[in-house]
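The structure under discussion appears below in the form of structure tokens.
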Amino acid sequence: MEIYKEKIRDLIAKAGDDRVPEVHEDKKRGVYVTNLREVCASSAEQVMDIIKQGERNRHVGETDYNTRSSRSHTIFQIVIESRIKNPCSNKSETVCISQLNLIDLAGSERATTDKDRRAEGSYINKSLLALGNVISQLTARQNCDQSNVFVPYRTSTLTRVLQTALSGNARVSVVCAINPTLKCRNESISTLRFAQRAKQIRTAAKMTKVSYQSTDSLYRRHH
């Protein structure tokens, strides 16, 4: 999915699928997005094909600084299900479920001469600021052991969708793309400071297990 101007769009939806992705929350699943296409993949090659399809449909555009600049944030969710192979199985084993979120954030934007790029940039900067504020509040709450510190997940669509992952039941890794040239010094320092704050988030990921017969198993639903 991509988040473009605070709206969610399914990047691998089939032609004619006019469903609108919506954010929901319940006690069991946490925060999740409905009306997104789910595809079963059994190999790394198939996963890469899906990623490439989504990348082709992503919003990109030329700016004053890049000929091909991402104009949206993208999130690729991979649900990995595993169980012990047993040729004598009656398919009643427990299935371990993990979710991997690959998130590509659009870079922060300076003012630009193009009107459309300027409007897109304002949404990008607003959501990145919201993400930075959420991370700051999370680290403040954890460092002070104060559970009553308010974390503004609902400030942007990006932080709302990532609420479950950021709230602790996940492992977080951050990869920064920076430019070592002097003219990009301020942007590079800002990016590294953001990563430094994100690194301070303490997480406690828990293993999720369901029965093979459960409808919570994606493999069971699609086969």
Where do [X] and [Y] come nearest, in terms of heavy atoms and distance?
| X | Y | result |
| --- | --- | --- |
| K183 | E187 | O-OE1, 4.0 Å |
| S70 | V60 | CA-CG1, 4.3 Å |
| A106 | S72 | CB-O, 3.5 Å |
| Q53 | N57 | O-ND2, 3.3 Å |
| S156 | E6 | CA-OE1, 3.5 Å |
| A165 | V172 | O-CG2, 4.4 Å |

E2 pairs by side chain to side chain contact (heavy atoms under 4.5 Å, CB included) with which of R71, K7, H73, R9?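 Answer after filtering R71, K7, H73, R9: R9.
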By the definition side chain to side chain contact (heavy atoms under 4.5 Å, CB included), identify the one residue from V161, V23, D26 that meets it with Y32.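 Result: among V161, V23, D26, D26 is the only option passing the side chain to side chain contact (heavy atoms under 4.5 Å, CB included) with Y32.
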[X] [atom1] to [Y] [atom2] distance, which is reported to the nearest 0.5 Å:
| X | Y | atom1 | atom2 | answer |
| --- | --- | --- | --- | --- |
| C40 | E81 | SG | CD | 8.0 Å |
| K5 | I124 | NZ | CD1 | 10.0 Å |
| S173 | K199 | OG | NZ | 10.5 Å |
| I12 | D10 | CD1 | CG | 5.5 Å |

For L166 and L131, run side chain to side chain contact (heavy atoms under 4.5 Å, CB included): C-alpha distance rounded to whole Å, both residues' side-chain angles, the deciding distance at 0.1 Å, then the answer. CA-CA 10 Å; L166 291 172; L131 179 59; 3.9 Å; yes
Co-membership, hydrophobic cluster, residues [X] and [Y], 4.5 Å side-chain:
| X | Y | answer |
| --- | --- | --- |
| V47 | I80 | yes |
| V174 | I103 | no |
| I189 | F194 | no |
| L105 | I3 | yes |

For R154, enumerate each residue passing the side chain to side chain contact (heavy atoms under 4.5 Å, CB included) test, keeping only those at least two apart in sequence or located in another chain.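 Checked R154 against side chain to side chain contact (heavy atoms under 4.5 Å, CB included); matches are E25, R160.
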Taking [atom1] in [X] as the centre, count heavy atoms belonging to other residues, nucleotides or ligands within less than 6.0 Å. Is the count above 12?
| X | atom1 | value |
| --- | --- | --- |
| Q200 | CD | yes |
| Y123 | OH | no |
| L182 | CG | no |
| R37 | CZ | yes |

Evaluate the criterion side chain to side chain contact (heavy atoms under 4.5 Å, CB included) for residue pair T155 and N133; output intermediate values, then yes/no. CA-CA 9 Å; T155 305; N133 289 337; over 6 Å; no
With heavy-atom distances below 4.5 Å as the criterion, would you say the side chains of [X] and [Y] are in contact?
| X | Y | result |
| --- | --- | --- |
| T139 | I201 | yes |
| N125 | L129 | no |
| N35 | I8 | no |
| N101 | Q99 | yes |
| Y153 | L138 | yes |

List the steps and the verdict of side chain to side chain contact (heavy atoms under 4.5 Å, CB included) for L11 and F76. CA-CA 10 Å; L11 293 176; F76 183 61; over 6 Å; no
Would you call E55 and R58 a salt bridge, using N to O less than 4.0 angstrom?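 Answer for the salt bridge query: yes.
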Polar side-chain atom of S136 near backbone of G132 as donor-acceptor pair, under 3.5 Å: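 At least one qualifying donor-acceptor pair exists.
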Would V79 and Q77 satisfy side chain to side chain contact (heavy atoms under 4.5 Å, CB included), going step by step from the backbone distance to the final call? CA-CA 7 Å; V79 177; Q77 294 184 331; 5.7 Å; no
Under the ring-ring contact (aromatic ring centres under 6.0 Å, His included) test, which residues partner Y4, sequence neighbours left out?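 Here the qualifying residues are H59.
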ILVMFWY cluster membership beyond I178 - transitive side-chain contacts under 4.5 angstrom: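 Same cluster as I178: L192.
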What I want to check is whether the side chains of T34 and E22 have a donor and an acceptor closer together than 3.5 Å.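 No, no side-chain donor-acceptor pair sits under 3.5 Å.
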